[in-house]
Every structure is written in structure tokens, then in C-alpha cells.
Amino acid sequence: MNYSLFFQVLSVLWMQCFIVCSAVSVRNLNTDQFELLQFKDRIADPQNVLAISWNASNSVCKWAGVSCGGIHERVVALNLTNMNLTGTIPPHLGNLSFLHSLDLSSNHFYGHLPKQLGQLHRLRLAQFSYNGLNGEIPTSIFNISSLKIISFAYNNLSGNLPDDLCQHLPNLEALHLKTNELSGNIPSSIGECINLQILSLSVNKFRGIIPTSIWNSTMLEKLFLYDNNLEGKLPPMTNVPKLDELILWGNKLSGNIPTSISNASMLKHVDIGSNFFSGLIPNTLGNLTHLQRLLIGDCNLTTEWSFLSSLANCRNFTLLEVSENPLKGVLPTYIGNLSASLQYFLAHDCELEGNIPMEIGNFNNMLLLSLANNELSGSIPTSIGGLRNLQGLELSSNKLGGPISESICGLERLDTLSLWSNQLHGPIPTCLGDMTSLRYLHLGSNKLSSAIPSTLLNLQDILELDLSSNYLNNSQPLDVGHLRSLVKLNLSRNLLAGDISSTIGSLLTLLSLDLSNNKLHGHIPESFGGLISLGLLDLSNNNLSGIIPKSLEKLSSLKYFNVSFNRLEGEIPTNGCFPNFSSTSFMSNYALCGPPRLLLPLCKNSIHKHSKMLLHALRYGLPVIGVVIVLLIVFTIMYTKRQRRSTTLPIKDDLLALRTWRRISHAQLSQATDGFEEINLLGSGSFGYVYRGRLSDGMDVAIKVFNLQIEGAFRSFDTECEAMRNIVHRNLVKVITCCSNTDFKALVLDFMSNGSLEKWLHSERFSLDILQRVNIMIDVATALEHLHSGHPSPVIHCDLKPSNILLDDDMVAHVGDFGIAKLLGEGDVMKQTMTLATIGYMAPEFGSTGIVSIKCDVYSYGIVLIETFTKKKPIDEMFTDEMTMRNWVERSMRKGMIDIADAGLLKREDEYFVVKANCISSIMDLALSCSTESPEERKDMKGVVVELKKIKQRFLNSMEHV
Ligand SMILES: *[C@@H]1O[C@H](CO)[C@@H](O)[C@H](O)[C@H]1NC(C)=O
Ligand SMILES: *[C@@H]1O[C@H](CO)[C@@H](O)[C@H](O)[C@H]1NC(C)=O
Ligand SMILES: *[C@@H]1O[C@H](CO)[C@@H](O)[C@H](O)[C@H]1NC(C)=O
Ligand SMILES: *[C@@H]1O[C@H](CO)[C@@H](O)[C@H](O)[C@H]1NC(C)=O
């Protein structure tokens, strides 16, 4: 053998090997670098971490987040957690073939996981949690048999898990899939993952049963399946020696809690509530000596309480929640044997009865005690003062009686004291005012009777104070201005009196203020405008007077506002949140005014006109009270008679159609008027408003909405309304139906397209000729005649005036508002009378002697007749008490018609001047005879109809002869 040749060959071989081997090695690390650069180029990197660090001038092994290792120094770990990276995950990662740890968690990756990741056959850890990934998890990933830890928690992944999952993942230790959209069953192979320690499938849509094999994973420590749709029974817990957390709440699991739970002897934390578990709570729970937290609330569990004594074995027990189970019965005294480490005892809604055992005071580590919504009786044990560290005491909605024990004041850390809705009586202990840690104090709906302790109103840090529905009073004006952190104050339904102190305006954080149903008086403080956070303000049912301060317009967050049932007056503020409030916010006050939608009188400049009318009314005065009483008697007799008749006599055919009484709701009327939009407003008066509306069947109607401020009015609204619709005549406005709720009353009437006579007489844009006016007044006379004599007892209109005379398509006149007097029923007679009779058209005896009769209507008719042909209103400024409109006509008649008649009707140069003047003159004679001072001398309506028809005929004849 030639040694030199041998060495030559060897050296060549070695050289070749060196070249080949190092070339392989270099190429492979280059491959890793190449793939990572590809990765970098395909994602967004807003913090430029990769842009700076990942460049070819550096060794790839020194790049941020990259670790190399192994004999060949390849990339083995990539950790890019929390770098705000964005984009879909590039498939190139699948070529990093030496990778065993990949952590891309807490970034903004989205889209599908690339299936190429399945090529990473050395991968042990795949960490993709906290991204926005969606779609299904590629099966190829679940086939990487080296995987120990998989985490895709907190993404939007969907689809099922393969049923044979564990057959391909023999090494799996932790599977974290919490908070995705995953569905389907828990894989039945799960027991084959014999190294599984953590299974977290919570907050998904998994359904079906929990496979029995789950307990074959003997290494299992944590089982988190909460908030899914799992059902069926919890499998018997056979072989789970290491399980320490069992969290299954929020599923549909049923059956018993297995007594075998005691086999899981390491359990510390059991939270399986909000399921359908039923039966007895197992007393083997006490064998779980490490148990610290047991939550089994919101199921259907019962108990004989033995479980409670067994739990005394759990030395480190801190939390027991059994709320919302029908446990029933009395809390046993041995509750006092539970571990002194107990911090939370939650048993609200458990149908518990009897006394609260004194032993409850044993737990000086207790933080929260909740026994609310039970039937507990007796008094609150004084031992409660032993709960030295207590922060929350919830005993609301029980039947606890007696006074509030002063021992509560010893709970120096108490944050929440809720004794709401019990039968506690006696005073509020003044020492509560020393509990500076209190943030929530709810003592409402009890029988507490005392003055509100002034100390209580000094709790500077208290957030909520609810003393509502008690018998509390105040010795001084209500001053809560020192409660400077207050968010919610409810003192409603007490006996608070006096003024509201203006210091309240300094409570900048107050969200809700309810002082309703007390006896507060005085004004609403201007300073309320400072309550800038306020969302709810209820001052209803007090005796508050004065105006609603305009400063309240500043409360831009106010959603609920109520000042109903007070004695407020004046204009309702119009800006800020006020346009959002409806009429229910302002009901039943003294004299508020505002926009039509609030169903209140308009404010405008009508104020002084109003006061002038009031003076008039007062002058004719108080006898009116008598009038209304007489009116009511007349009507009562009349309607009683009618109703009797209508039940005994056969119904006339022409009335039959009108008997179909359609029911209508406020909602339908609101819809018909586009929410009582101002654009649909036809008119207004002291009684309320008239809207135009279209019902769902297309019928046009007029809707008369009554102002409900007249206290006590409308008691007989429904009956009278029904009676009204039976009064039918061609020249009366037809009442179609009524709508009557406690806070809304309306009449639905035939819509008269041509509006009122008032409009035709006094608006520039309209005019009527002499014949039209005669015809209209014949219609009106006919209508009144029908009211007066078409019934067994006369119906007296009481308020005839041009605005109540309405014209249809054919200019036929219809008298409206008949019977309104009766609608109003009993009540504040003065206001009603103001509502009813209109000054100027009202017969003198109506105001002065209290006599009411059909002759009052005749008088009003006479006045309307004068107005129709003179275009002068009886309340025109030219008329006074000495020179009424009637006197003026009487005196001027002698000088001829030209001075009296409407200039639009009669002109000297008119071809028919004489004929027209004669006609008008006859009409004036008739009008004067209708409106004589003495009722006896007035014509009756029958005579008026006859006379007016004659005048018309004479006029027509004369016209032909001219
Ligand atoms: C990735 O790095 C972070 C710190 O930046 C660390 O908390 C985390 O455990 C690392 N991930 C892995 C899988 O090692
Ligand atoms: C990620 O971006 C957000 C703004 O989009 C920023 O607030 C946050 O600090 C960034 N995270 C890191 C780790 O820099
Ligand atoms: C669970 O283990 C038992 C025995 O320990 C075995 O008989 C059973 O087949 C296993 N079940 C599954 C699904 O692995
Ligand atoms: C539970 O503990 C009791 C003693 O407190 C014991 O008698 C019983 O056998 C135990 N049960 C189980 C299943 O361990």
C-alpha cells in the first residue's frame, strides 16, 4: 500500500467531506435565515423590532426572539410574543425544521393557521394564544407527536377537535383552547393522553357529555370546562389523584354531584355551579381535606345540612357558595364549626328561614356574608359585630325585624351594608355615621322611623345612600351637600319636609337623585344645575312650588325627569335634555305651560290675555260654581234616562252603524299623529290640543287631547264619552271613539277638512260670501235645535263659538265640543268653568245668577251670528262692559248696515247693495232677539231655524228680481 497515496486519498476524502459537510451545515442555517426573512417580509412590524434586528449582517442566532442550538447550531426556538406583529402567519415557519418551541402569542395575527406548521416534527411547544386567528386548526398540527404544550387560547378558532386526538399526541401535557368558537364533543380518546396535566376548553361551544375516560389521565391537575354546552352526568371520579382544580360551571350538567368526588383527594378548588345538578349535596365533600373553595350555587341542590358539618374537616376552607339552590330550612348552629379561615359565605336565594344563628359571628376573617333573598326572621344577631374584617353584609329581602343593632357600627371595614326590604323598625343608629368605610348603605323598604341622623349626612366617601320607603323625617332642611362622593341618593317615600338645601348643587358626581313622595316644599334650587352628572331626577309627589329652574337645561345627561304632582308653575325649560321628556314628567302641577306635546297650555305671550280673561271670569264670578253643579245634575238626569231608554227601546237602524265602538290606544293615536308632532297640531285651547291624524285604516280624524292638569277632572270620562257618540246629527261633529288612560284622555272625532268658522272669518286668506254664511248659521241653528230638543232632556252645549263650528268638504257646518261639560266630571269647578265657557259668548246669567239653560246656547248663537256678519269678535278691544258688541249693533243699526257689516260682504258700489243690506239687517234683528239680556225674551232654536230659512229665501228671491 502506498502510504502517500493512502494519505492523498484520505485527504481528498476528508476535503470532500469537509466541503460537503460544511456546505450542508451552512446551507441549512442559511435556510433558517432565508425562511425567517421571508417571514419578516410578510408581516407588519409596527415597532420595527424585526426590521432593526433581523438583517443578514448579523448571525441569525443573534436576532431578536431567535435561539439556536443542537450540534449543528440551528434555529430551535422562536419567541416573538407581545411585539404587536400583524398579518397572517406565513407558511415559511414550517421550514424551520429544527424548531422545538414556537411562541407567537399576544400579537395581532389573524386568518388561518398554515398547515405547513405540521412539518415541524420536533416541535414541543406551540404557543399562539391571544391573537385573532380563525378557521379550523389544521389536523397536521395535531399530528406532531412531539407536542407537549399546545396553546391556542383567546383566538376565534372554530371547528371540532379530532376524536382520535390523543392517539397522535402521546406526550401532550397541556391543551389550552380557552375562549374560542370551538364546537363538537370532547374527544373520547382524551383518556389516552396519559401525561395530560391541564385541559382547558372553557368558554367555547363544546357539547355532549364529559367522556368517562377523562379520569384515565391520572396526571390531570386542572380541568377547566366552564361555559360550554356540556350535558349529562359528571362521570364517577375514579382515578384522579392529582386533580386540584375542577371548574365546570356554566354547563348543563345534571344528576347528582358524585359522592366519589372524595376520591379526588387533592381538590382545592371546586366550582361547578350554574348547572342542573340536583339531589343532596354529598357529605363526602368533607373528606376533601385540602378544599378551600366550594362553589355549587345556581343548581337545584337540596341538603340535610350534614355536608356543612363535614366541611369542618377542611382546615383551609375560605369560600362557600350555595346561593340559588332550594336548600330550605334553618341554618344550623354548627355552621360555627367551619374553619376560622372562612372569608366568604354566600347563601342568597336559598329559601332559608328561621333566625340567623349567633355562631355566624365566629368568623373574624369573614369578608362577605350574603344571606339576601331568604325568609330569615328574628333580629340581626348582635354577634355580627364579631366579624371584625367584614366588608360586605347583604341581608336584604328577608323578614328580619327589630331595630338595627348598634353592634354593626363596630364593623370598621364595612363597605356595603344592605338591609333593604326587611321589617326593621326603630331609629337609624346615629353611630352609622361613624362608619367612614361605608360606600353603599341600603336601608330602604323597612319601617325605620326617626330623623335621618345628621352624622349620616357627613359620610364624605359614601357612594350610594338609599333610605327610601321608611318613615324617616328631617329636623332641619334637607342638606346632603357634604356627601361629596355621592353617586346615588334615594330618600323617596318618607316623611321629609321643608326646603331642599341649595348645597346639593355641589354634588358633581351624583348620577341619580330620588326625593319623590315626600312633603318637601319650597322651590327647586337653582343650584340643581350644578349636578352635571345627573341621569335621574325624581321630585314627583311633593309640595314644590315656583318654577322649574332654567339651570336644569345644563344637565346634559339627564335621562329620567319627573316633577309631576307638585305645585309648580311657569314655563318648562325648552333646551338641553328637556325636548326628550314627555308629558308624564310634568303631570298634575299648578300652572305649568309648555309645548303642545306636553299636553299643557301654551306659554307664549298669551299670559296677559289670560289674566284679562281671568278678571272677567272673576267679575262674573263665583256663582259659576253653582252653574256647574246644576249642569252636572241636568246631565246626570239626562244620561241616566237615555241609557235606560236605549236598553229598552229597539235601536234605530240609522244608529246601528255608529254603534260599532272601535277601541283605540294611545300608541295608535301616537302613530296616527306621528308622535303628536307639532306639524299635525290643528289648534289649542285651555282644554288641551287638537291634532290631525290618520288611523291605520286610512281614516282621517281629529284627535282632541285633554289637558290633564285639571285636578279631579275626567272621572266619568269613559261613560260620558260613550254617551256622546250616541248623539248623532248631520250638523254635529261625530265622535268616533275615545281613548282613556290614567294620564291620557282623548276624543277621536271626524276630521273636518275645511277647518273652523273662526278660520274662515278671521284669516286673510279665506272668505265666505253672504249665502255661505247664512247656510252655515242655518246648519249651526239646526245642530243646536237637535241638541236642545232631539233628546228626552236637552243637551246644553255651553261653549258655542266660531272655533267650535267646523266645516266639511262641502262647507256643511258641524258643531263640535258638545257634551264636553259632562266629560269633565266633578272636580276643580272654577278651572273647569274657565275651560268651558268662553268670555264674550257666555250668556250674562251664566256668570251672574248661576242659571244654566238652553237659553245660554241661544245667547251664544246670537253673538256668533253677529260675529259672522260683522267680522267683529265680542272680545274686540272696541267693546267694553258699557258698550258690548250687542249694544254696538243695536245702536249702529239705525245708521244703516254699512257701518256694521263685514266690509268684505257689503260695499256701497255693490250691485246688490240694498238686497244684501236688507238681508244682513234682518239677520242682525234675529241676532239681537237671540241675545237679549233676559233669557225669557230669547227665541228658541226652532224659531231661529225657521226665521233664518225665511231670511235666506227672501234674499234668494230678491236676488232673482234685481
Ligand atoms: C417568550 O418570552 C417571554 C418573555 O419575553 C417569556 O415570558 C415566555 O415564557 C417566552 N416563551 C417561551 C415559550 O419560552
Ligand atoms: C402595541 O401597540 C399599542 C398601540 O397599538 C401600544 O399601546 C403598545 O404599547 C404596543 N405594545 C408594545 C409591547 O409595545
Ligand atoms: C381507562 O382505563 C381503564 C383501566 O384503567 C380501561 O379499562 C379503559 O379502557 C380506559 N379507557 C380509555 C378510554 O382509555
Ligand atoms: C370520609 O371521611 C370519613 C371520616 O370523616 C370516613 O369515615 C369515610 O370513609 C371517608 N370516605 C371516603 C370515601 O374517603
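Sequential numbering from 1 along the given sequence is applied to the chain's residues. Nothing here was measured: the structure is a model prediction, and the numbers come from that model. Side chains are part of it too, since the values below use all heavy atoms of this structure and drop only hydrogens, waters and symmetry mates. One-based numbering, in listed order, for ligands and for the atoms of each.
- Nearest to atom 6 (C) of ligand 1 among the protein's heavy atoms is N79 ND2, 4.1 Å.
- Under a cut-off of 6.0 angstrom, the local environment of CZ in R42 is crowded, with over 12 non-hydrogen atoms contributed by other residues, nucleotides or ligands.
- Under the 30°/60° scheme for interplanar angles, the aromatic rings of F39 and F109 are found to be tilted.
- The side-chain contact (heavy atoms from CB on, under 4.5 Å) with L390 is formed by just one residue from the set D415, L417, L411; it is L411.
- Ligand-side atoms of ligand 1 in range of L125: 13 (C), range being under 4.0 angstrom from any heavy atom.
- Between Y226 and W249, the ring-plane angle classifies as parallel under the 30° and 60° cut-offs.
- Atom 9 (O) of ligand 1 is not flagged as protein-proximal [any protein heavy atom, distance under 4.0 Å].
- Checking I141, N143, I137 one by one against T139, the side-chain contact (heavy atoms from CB on, under 4.5 Å) holds for a single residue, N143.
- Between D103 and ligand 1, at least one pair of N/O atoms sits closer than 3.5 Å.
- For a threshold of 3.5 Å applied to N or O pairs, the pair formed by T81 and ligand 1 contains no separation below that value.
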